[in-house]
Colleague: 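My structure is below; once you've seen it, I'll send some questions.
In what follows, chains carry the letters A, B, and so on, assigned in the order in which the sequence lines appear, proteins first and then strands, with residues in each chain numbered from 1. Note that the structure is a prediction, hence the values are computed from the model and not measured.
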Amino acid sequence: MQEQEIISQKNRHEQLGLSDGQVLDMYKYMMLARKYDERNLLLQRAGKINFHVSGIGQEAAQVGAAFALDREQDYFLPYYRDYAFVMAVGMTPRELMLSAFAKAEDPNSGGRQMPGHFGSKRLRIVTGSSPVTTQVPHAVGFALAAKMQKKDFVSFVTFGEGSSNQGDFHEGANFAGVHKLPVIMMCENNQYAISVPLHKQIAGQVSDRALGYGFPGIRVDGNDVLAVYAAVKEARERAVSGEGPTLIEAMMYRLSPHSTSDNDLAYRSKEEVEENWKKDGLITFKQYLIDCGLWNEQQDEDLIAQLNLEIKEATEYADRAPFPKPEDTLRHVYAENEGGN
Amino acid sequence: MPVMEYIDAIRLAMKEELARDESVFVLGEDVGVKGGVFTTTKGLIDEFGEMRVMDTPLAESAIAGVAIGAAMHGMKPIAEMQYSDFMLPATNQIISEAAKIRYRSNNDWSCPIVIRAPIGGGIFGGLYHSQCPESIFFGTPGLKIVAPFTAYDAKGLLKAAVRDPDPVLFFENKKCYKLIKGEVPEEDYTVPIGVANLLREGQDITVIGYSQPLHFVLQAAEELEREEGITAHVLDLRTLQPLDREAILEAVKTTGKVMIIHEDNKTGGVGAEVSAIIAEECLYDLDAPIMRLCAPDVPAMPISPPMEKFYMLNKDKVKESMRQLALY
């Protein structure tokens, strides 16, 4: 009986076409993002960095999505909690730490933007801002460019459930629906828009909104990395075969406060938060891997030690790295030469 | 050289750019089959197809935002806002996104979009089909803003805007569409962004402005010279951002008396910045206080004919102000 269960569990990732090596990689990225996030919270408390906005509790959905995309050619428009996502598409802890320390070498913005405002043309991560959900029409624009240029990449965009109330979400979704564009929109529904709970943000369900725009909307367990992988993979297949956009609502819980400037216990109970820690996608996925016979506690300890070392080195590198030159504040308002750079 | 209307020059610029570069496309409300509510894009869909002359859903933030996304992947969108009065839903996309993409990414990404929007009143358009919203965007670094007055400049500046590596707002004046005619070469040329144009030389007063009010300035200048021997030096800014500071200062120094004119309301308008530049850089070259002739500080122009007439500039108002300045 027990053996049968293991087989059926193991079949879950194999049925999705994922190898043992791939699921172990997924877990490693989830853990890397978790440890990176924890380190940033400490660095902020220690006064080494100014600010951190956490993605703890959202790693499973982010990594599941990243692995379902074509990480060689798709375009990504992540939102500010997507550390696990950007790591899974190629951004390193060192690059992210350079952003956290606002150093010149930061590939996201050269130390100009708050951390969590990702961008890297090399990795096809499209630069983002703080006014929320402006990236949805941009993702639609990338998808329109794909259609016009007859290229077969898709664009993938994320946002929170609170910001799914913004006009730009609706305007972008509608445009994408009309033109059947290859864009995947994933709402990371973490139940809170800073302090405002889901029931005060939305009377219905985010995924149902797709109906009005003429394409599928599905709700998926965002704590289940394999479920999100499956949903995004299917959405990508639809997109590249010309069937248009998909809206995915991944359900999860923001385990951390909104940011390092937030006291979340002012608006939610400790019990509620603790209850949700039990559903943490990182822990459940670890158990899955153990049940599959792919992982054990010793390997887990070794992994954490190795990741912490990597993050420590990234931190030290970023801490020592030079700040931008003050006068570089004046640069890059417009192109500096004829070639447009 | 053919003489054509301002609106035809704008259409010709789009047609030439669409033919020249397949990454150029036009998008907006009613730009396709209908050819635009003013006929600015008329016929383009027949030549270039519905993907490159694209009728969009009625949602300005998406028009701007989708254009921005496409531009970041190498396309060169020309996004039309049907009336500049309706572009405010897109303001967040224009100011928070387009204007800051190069800067915030430390030059990694760029956003070469053009947003065309008709400005100006005098067509019985009431509050929401008449506005001049330049000052909302003016003073946002990262944006370039042009506002042509002549048909020649309308074509040349639009072509320059399409080829510019940064976002350009192209404010075309709807009253100029049919009113302004001029010689426009049928061959390819551009008018450089950031360079003002001296429309008329004179010794007594300098008038600095942009867009449709210059029509009244030129009429008034001609009459003042003929009737009273007052000669006016008239500078068309053409580009509002970045302003051509050298041309402004040189024009002011030529006469020592300056009037700044625009249809946008006075407070916080482009004229305020031009005045400040003059005051900072060449106050002692002035022989008279800086004069500004602009729309009154009311929310927008009413539709009732006497009220619209009161709000709008015209040749007589302009001529009288120019005379007063000359007599100072």
Colleague: Can you list the steps and then say if B/N107 with A/R331 is a side-chain contact (heavy atoms from CB on, under 4.5 Å)?
Modeller: CA-CA 9 Å; B/N107 210 32; A/R331 295 191 65 191; over 6 Å; no

Colleague: Just how far is it from atom OG of A/S129 to atom CG of B/N92, taken to the nearest 0.5 Å?
Modeller: 7.0 Å

Colleague: Looking at A/E327, I want to see if its CD is surrounded by more than 12 non-hydrogen atoms of other residues, nucleotides or ligands under 6.0 Å.
Modeller: yes

Colleague: What part of B/L143 lies closer than 4.5 angstrom to a heavy atom of chain A: side chain, backbone, both or neither?
Modeller: backbone

Colleague: Where does the angle between the aromatic ring planes of A/F153 and B/H73 fall among parallel (under 30°), tilted (30 to 60°) and perpendicular (over 60°)?
Modeller: tilted

Colleague: Can you give me the closest heavy-atom contact between B/D55 and A/H179, atom names plus distance?
Modeller: O-NE2, 4.2 Å

Colleague: Using non-hydrogen atoms and a 4.5 Å limit, figure out which bit of B/K100 sits close to chain A: side chain, backbone, both or neither.
Modeller: neither

Colleague: Could you give the distance from CH2 (B/W109) to OG (A/S120), rounded to the nearest 0.5 Å?
Modeller: 8.0 Å

Colleague: So for atom CZ, which belongs to A/F51, do other residues, nucleotides or ligands contribute more than 12 heavy atoms lying within a distance under 6.0 Å?
Modeller: yes

Colleague: Test your reading of the model: is there a side-chain donor-acceptor pair from A/Y334 to the backbone of B/P141, 3.5 Å cut-off?
Modeller: no

Colleague: OH of B/Y189: more than 12 outside heavy atoms within 6.0 angstrom?
Modeller: yes

Colleague: For B/E246, I'd like to know if atom CD has over 12 heavy atoms of other residues, nucleotides or ligands within 6.0 Å.
Modeller: no

Colleague: For A/V333 and B/G142, work out which heavy atoms get closest and say how close.
Modeller: CG1-N, 3.4 Å

Colleague: So do the side chains of B/R104 and A/H117 get within less than 4.5 Å of each other, counting heavy atoms only?
Modeller: no

Colleague: Atom NE2 of A/H332 and atom OG of B/S110: how far apart are they, to the nearest 0.5 Å?
Modeller: 12.0 Å

Colleague: Applying side-chain contact (heavy atoms from CB on, under 4.5 Å) to B/M72 and A/L77, what does each step give before you reach the verdict?
Modeller: CA-CA 12 Å; B/M72 284 195 279; A/L77 295 96; 5.5 Å; no

Colleague: Could you have a look at B/E97, B/M75, B/E60, B/M54 and say which one has the most heavy-atom pairs with chain A under 4.5 angstrom?
Modeller: B/E97

Colleague: Heavy-atom cut-off 4.5 Å, strictly under: side chain, backbone, both or neither for A/V126 against chain B?
Modeller: both

Colleague: Measuring heavy-atom distances to chain A, does B/E22 have an atom under 4.5 Å in its side chain, in its backbone, in both, or in neither?
Modeller: neither

Colleague: Roughly how far, to the nearest 0.5 Å, is OG of B/S23 from CD of A/Q149?
Modeller: 8.0 Å

Colleague: Side chain, backbone, both or neither: which part of A/S99 has an atom under 4.5 Å from a heavy atom of chain B?
Modeller: neither

Colleague: Specify which of A/G128, A/P324, A/A176 makes the most heavy-atom pairs with chain B at under 4.5 Å.
Modeller: A/G128

Colleague: Taking B/D108 for the side chain and A/K121 for the main chain, is one N or O donor matched with an acceptor at less than 3.5 Å?
Modeller: yes

Colleague: Could you tell me whether B/L127 atom CG has more than 12 heavy atoms of other residues or ligands within 6.0 Å of it?
Modeller: yes

Colleague: How about CE on A/M148, more than 12 heavy atoms from neighbouring residues, nucleotides or ligands closer than 6.0 Å, or not?
Modeller: yes

Colleague: Around atom NZ of A/K147, are there more than 12 heavy atoms of other residues, nucleotides or ligands at under 6.0 Å?
Modeller: yes

Colleague: For the atom pair CG (B/N106) and CD (A/Q113), what is the distance rounded to the nearest 0.5 Å?
Modeller: 10.5 Å

Colleague: Should B/I63 and A/E171 count as side-chain neighbours, where that means a heavy-atom distance under 4.5 Å?
Modeller: no

Colleague: Should we count CG of A/D328 as having more than 12 external heavy atoms under 6.0 Å?
Modeller: yes

Colleague: At a heavy-atom distance under 4.5 Å, which candidate from B/L58, B/V66, B/D166, B/T56 has the highest pair count against chain A?
Modeller: B/V66

Colleague: Under 4.5 Å, counting heavy-atom pairs only, tell me which of A/D106, A/L144, A/V136 racks up the most with chain B.
Modeller: A/L144

